[in-house]
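Quick notes on the structure that follows.
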Amino acid sequence: EPIYKISVNDFVIKALALALLRVPAANAIFAQDRILQFDRADIGVAVALEDGLLTPVIRAADRKSLSAISNQMRDLAERARDKKLKPEDYQGGVSSVSNLGMHGVREFSAIINPPQSSILAVGAVSRRPIETADGGVRFENQMTVTLSCDHRVIDGALGAQLLAALKGYLEQ
């Protein structure tokens with residue numbers, strides 16, 4: 001299989017999948033009268049089309065390499081644009097990634113895609129000034145992400161744990 005340039009989004013998908021396993025209570029959905037928890041992380045990824053939006057799902061993203069995620073994402077996005085996705089390509093999933101960074105959007109809020117319990121809104125990576133311990137300034141690449149949660153499954157404290165785990169994986 002061809003090797004592609006790994007995108008920021010591929011890292012985010014993988015990091016979110018790993019974070020969901022690190023915080024298992026967040027790797028769940030609300031199903032009628034109970035919460036279903038999963039042992040793998042199926043991550044939807046928003047793909048903009050001319051007439052709307054589709055969210056194909058990368059199954060078991062926690063177990064895939066970055067190049068496998070990249071290749072599968074390219075395939076799903078292409079099939080989405082060609083209107084060749086099957087329902088099993090976009091149904092299910094526990095969380096999604098919506099990335100508007102490539103459009104220069106710094107931060108935004110994304111709407112949860114039921115039955116998923118969360119969605120991560122990913123803004124543009126930009127160089128930002130950071131004050132150093134000695135009062136000087138250095139520049140760092142930073143990205144703002146916003147997590148929207150279904151509070152029947154993920155309350156604020158649990159969402160914060162998930163974001164902390166995500167931050168840890170992305171910074172590594």
Side-chain angles (χ1 to χ4, degrees), residues 2-23 26-27 29 38 40-85 89-128 139-150 153-154 159-172:
I3 299 299
Y4 292 103
K5 183 175 166 244
I6 305 295
S7 71
V8 168
N9 217 42
D10 299 327
F11 282 102
V12 171
I13 293 163
K14 177 76 175 188
L16 178 59
L18 293 172
L20 284 162
L21 289 191
R22 169 82 54 89
V23 184
N27 192 31
I29 62 169
F38 301 98
R40 68 176 201 197
D42 293 348
I43 308 290
V45 184
V47 175
L49 306 173
E50 280 178 28
D51 55 352
L53 189 76
L54 264 177
T55 310
V57 176
I58 306 270
R59 309 276 171 204
D62 53 292
R63 300 174 195 163
K64 290 190 163 85
S65 66
L66 286 166
S67 62
I69 289 170
S70 174
N71 290 340
Q72 189 175 1
M73 206 47 245
R74 241 176 213 49
D75 172 62
L76 287 167
E78 195 174 295
R79 288 194 291 129
R81 286 189 279 272
D82 294 342
K83 298 185 178 9
K84 291 185 175 158
L85 288 180
D89 291 326
Y90 55 82
Q91 288 174 345
V94 73
S95 186
S96 284
V97 171
S98 179
N99 189 337
L100 295 179
M102 67 286 286
H103 300 293
V105 174
R106 185 163 158 174
E107 59 186 79
F108 66 104
S109 298
I111 305 299
I112 300 165
N113 187 19
Q116 296 177 7
S117 60
S118 63
I119 187 166
L120 189 71
V122 179
V125 174
S126 60
R127 293 193 53 73
R128 298 183 196 163
F139 284 83
E140 286 183 357
N141 285 327
Q142 291 188 342
M143 174 175 77
T144 299
V145 300
T146 307
L147 185 70
S148 301
C149 303
D150 177 344
V153 182
I154 303 173
Q161 286 178 42
L162 183 61
L163 284 171
L166 174 79
K167 180 179 189 280
Y169 284 117
L170 286 173
E171 287 176 348
Q172 290 169 25

Go through the steps to decide whether Tyr169 and Leu18 satisfy the test side-chain contact (heavy atoms from CB on, under 4.5 Å), and finish with yes or no.
CA-CA 8 Å; Tyr169 284 117; Leu18 293 172; 3.6 Å; yes

Take Ser7 and Arg74 through the test side-chain hydrogen bond (donor to acceptor under 3.5 Å, both in side chains) and record every step on the way to the result.
CA-CA 11 Å; Ser7 71; Arg74 241 176 213 49; over 6 Å; no

Test Asp51 against Lys83 for salt bridge (Lys or Arg N to Asp or Glu O under 4.0 Å), laying out the working first.
CA-CA 11 Å; Asp51 55 352; Lys83 298 185 178 9; 3.7 Å; yes

Could you walk me through whether Asp62 and Arg40 satisfy the salt bridge (Lys or Arg N to Asp or Glu O under 4.0 Å) test, starting with their C-alpha distance in whole Å, then the side-chain angles of each, then the deciding distance to 0.1 Å, before giving a yes or no?
CA-CA 7 Å; Asp62 53 292; Arg40 68 176 201 197; over 6 Å; no

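Lys64 contributes a side-chain N or O that, together with a main-chain N or O of Arg59, makes up a donor-acceptor pair within less than 3.5 Å. At least one donor-acceptor pair closer than 3.5 Å links the side chain of Gln116 to the backbone N or O of Gly92. Side chain of Asn27 to main chain of Leu21: no donor-acceptor pair is present (N/O by atom type, distance under 3.5 Å, no hydrogens or angles).
Looking at residues two or more places apart in sequence or on another chain, you find a side-chain hydrogen bond (donor to acceptor under 3.5 Å, both in side chains) between Asp150 and Arg152. Residues meeting the side-chain hydrogen bond (donor to acceptor under 3.5 Å, both in side chains) test with Ser98, sequence neighbours left out: none.
Closest non-hydrogen pair, Val57 versus Gly93, comes out as CG1-CA, 4.2 Å. Nearest heavy-atom pair across Phe11 and Leu66 is CE2-CD1, 3.3 Å. Here the closest non-hydrogen pair linking Leu85 and Pro56 is CD1-CB, 4.2 Å.
One finds no salt bridge joining Asp10 and Lys14 here, because no Lys/Arg side-chain nitrogen approaches an Asp/Glu carboxylate oxygen to under 4.0 Å.
Going from atom OG of Ser118 over to atom CG of Leu16 covers 6.5 Å, rounded to the nearest 0.5 Å. Taking CZ of Arg81 as the start and CG of Leu76 as the end, the distance is 10.5 Å to the nearest 0.5 Å. Arg63 CZ to Ile69 CD1: the interatomic distance, rounded to the nearest 0.5 Å, is 12.5 Å.
Surrounding CD of Glu78 are at most 12 heavy atoms belonging to other residues, nucleotides or ligands under 6.0 Å away. Under a cut-off of 6.0 angstrom, the local environment of CZ in Arg22 is sparse, with at most 12 non-hydrogen atoms contributed by other residues, nucleotides or ligands.
Screening residues 99-108 for side-chain hydrogen bond (donor to acceptor under 3.5 Å, both in side chains), with sequence neighbours left out, gives Asn9-Asn99.
Residues Met102 and Val8 form no side-chain contact, since every pair of their non-hydrogen atoms from C-beta on lies 4.5 Å or further apart.
Residue Ser95 forms a side chain to side chain contact (heavy atoms under 4.5 Å, CB included) with just one option from Ile13, Ile29, Leu20, and that option is Leu20.
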